Number of protein chains: 2
Amino acid sequence: MDAEDEDLWVPFLAARPRDRRAERLRVHLREDERRAQRHPPRRAAALSRDQIVAAAIMVADAEGADAVTMRRIARELNAGTMSLYWHVVSKEELLDLMLDAVQGDRETPEPSGDWRRDVQDVARAMRGSLHEHPWMMDFIGGRPPVGPKSLRNVERMLGYFDGLGLDMRMAIDISTTVGTYVMGAVLREVQEHNSETFMEQTLAELTEAEREKVIGEFTERVRATGRYPHLAELMSAGYDPDAAETRDSRFEFGLDCLLDGIAARIGDHPSPGSR
Amino acid sequence: MDAEDEDLWVPFLAARPRDRRAERLRVHLREDERRAQRHPPRRAAALSRDQIVAAAIMVADAEGADAVTMRRIARELNAGTMSLYWHVVSKEELLDLMLDAVQGDRETPEPSGDWRRDVQDVARAMRGSLHEHPWMMDFIGGRPPVGPKSLRNVERMLGYFDGLGLDMRMAIDISTTVGTYVMGAVLREVQEHNSETFMEQTLAELTEAEREKVIGEFTERVRATGRYPHLAELMSAGYDPDAAETRDSRFEFGLDCLLDGIAARIGDHPSPGSR
DNA sequence: TACTATCTGGTACAGCGTACGAGAGGTGCG
DNA sequence: CGCACCTCTCGTACGCTGTACCAGATAGTA
């Protein structure tokens, strides 16, 4: 049963209960469902948790993190705002549900025997998923990470190292390290993306002359201090480290470095010219 | 002049101007200061940007990200809420200023000639700084990153690779990759920390028996599915990958892997048993 | 004295998350 | 049938947020 697995929220972590309902909804969720079957829903369930989460993700994708308000989501569903609170304990919980839902977006590959390729695939998939939902980076800060979909992904990841004779500790360190790198990379990339769109908006309001003047003044000021030789060189070379074209290769570069280091450590010889 | 460097905000990026003042405060800040010297502040400046930023950081450190509200900060300074808005265009700008301010907390080491050690030091310093201000992770999501302090740090970082004959592109990729890893690591660690404190609070409300029952039921459910052999092994081994003791070594592990990969790539032979 | 620039902060408003509780619709029992 | 009881919807209201607007205080210049 697929639905069986979907409820594997780590106890305590899932919701911050503000009232009794949290416990009912989470820790004793199965029990709830049993009762619901005795007493089936009467009105063909106009609203459901999954619907609410889906609507919230739609809104977030289309209008950004700021647009995710309970009122906005309710409007999307033609429901009263407070109706959402029957299915969801708090906005905080809804965000958790959203994060876990998109975690399952991409399929993680079956172990192929080549751990390095599998890990690369997963890393790229994670990155792709995060890029499709950039609002994740707004919500992810400092919130307990584990929902059932994440659990499944961790399980898969650990499976890639099965035949290599690693102890569990090593396998876990490697998994989290890769995940760590991907998170950091996407965080940076989302920041850069936001910078760009913001800059473009601002630039559009200026004339060409003003634009050059402002930029010129800035580079001149950097140069004038004499304390930033590398940055000055960078700017005069016109090299933009954050340009979209370089982003993919930068991601792959870091990932390759990391995987090389890991490979060396687990006794695998790094594939010399991989990628 | 130290103060000279402090104003090197990348133009456009710094503030999202909601009205004209943004431009004045940022792009033409120097001009503003010149005028201010003609017309010096009359009341011995009861309030200043730096004070406001410092107060905001204090509040954030002591009470967490949620406590950072304009009213709270004003109260801290015995000022009216709206007085802050003379010195700061918006809360958003204040957050940018806070982030950049803590960026300069730790001193980055002078280049020692051993790039690897320098980079390690910087990475550890970044991590330490982020841990002292865990609210950073709440604010950092999807916001333009560059203030003057960050610029200085990038400059320093680039300097570590000076004698190695790398081209600029390589040096930049390496710098950002290391930064990326650190950000990701701290993001994860802050999440884990929050999970823990939350779990402790919840656990404190339960009796020992309830606690074991809930945990036991969960592990039983995970095992019952048969789809999570690695996780089941993990849980029955009682190994907690997020335990505080393992966190430092995990960070160093990932960092070492990364640096090994980088070293190999720039023709340096990895120090075999480093740390 | 009058004028102007700089800075303070009170009031007010729209929008947020959500506590509360009334009520609508359905089931099961007498 | 009536009646109790659960499941679910949602209007109202409250306290909180960021901040627009504007009236004033203060100090330097003319």
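Treat the numbers as computed from the prediction; the structure is a model and nothing was measured. Scope of the values below: all heavy atoms of this structure, side chains included, with no hydrogens, waters or symmetry mates. Reminder, nothing fancy here: chain letters follow the sequence lines and each chain counts from 1.
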Any B/R127 side-chain heavy atom under 4.5 Å of B/E189 side chain: yes

Between P on C/dA14 and CZ on A/R72, what's the gap in Å once rounded to a whole number? 20 Å

Can you tell me how far apart CE (B/M98) and CH2 (B/W135) are? Round to the nearest 0.5 Å. 4.0 Å

Gap between atoms CH2 and C1', on B/W86 and D/dA20 respectively (whole Å): 15 Å

Carefully, step by step, assess B/E196 and B/R247 under the rule salt bridge (Lys or Arg N to Asp or Glu O under 4.0 Å). CA-CA 13 Å; B/E196 273 163 31; B/R247 228 167 268 167; 2.5 Å; yes

As an exercise, state the distance from CG of B/L47 to NE2 of B/H87, rounded to the nearest 0.5 Å. 4.0 Å

In this structure, how many angstroms lie between the C1' atom of C/dG17 and the CD1 atom of A/I73, rounded? 12 Å

Quickly work out the A/Q51 CD to D/dC8 C1' distance and round it to whole Å. 13 Å

If I take atom NZ in residue A/K91 and atom C1' in nucleotide C/dG17, what distance separates them, rounded to the nearest angstrom? 8 Å

For nucleotides 9-13 of chain C, list the nitrogen or oxygen atoms of the protein found under 3.5 Å from its nitrogen or oxygen atoms, one pair per line.
from  : atom 1 : to    : atom 2 : distance (Å)
C/dG9 : OP2    : B/G80 : N      : 2.9
C/dG9 : OP2    : B/S83 : OG     : 3.0
C/dG9 : N7     : B/S83 : N      : 3.4

Using whole Å, report how far CG of B/D66 lies from C1' of C/dG17. 12 Å

If you apply the rule salt bridge (Lys or Arg N to Asp or Glu O under 4.0 Å), what do you find for A/E155 with B/R227, and how did you get there? CA-CA 9 Å; A/E155 173 65 31; B/R227 290 156 149 248; over 6 Å; no

Side chains of B/R188 and A/T180, donor plus acceptor under 3.5 Å: yes

Working to the nearest 0.5 Å, report the span between CH2 of A/W9 and NZ of A/K149. 8.5 Å

Counting side-chain heavy atoms from CB outward, which of C/dT8, D/dT19, C/dT18 is closest to B/H87? C/dT8

So if I take every side-chain heavy atom of B/M70 and compare against D/dC8, D/dT19, C/dG17, which nucleotide ends up nearest? D/dT19

Salt bridge flag under 4.0 Å for residues B/R221 and B/E217: no

Output the rounded distance in Å from OH (A/Y85) to P (C/dG21). 18 Å

Would you indicate whether the side-chain heavy atoms of B/L77 and B/L84 approach each other to under 4.5 Å? yes

In short, the helix from C/dT1-D/dA30 to C/dG30-D/dC1 is bent end to end, axes from five pairs each side, to 10°, by 30°

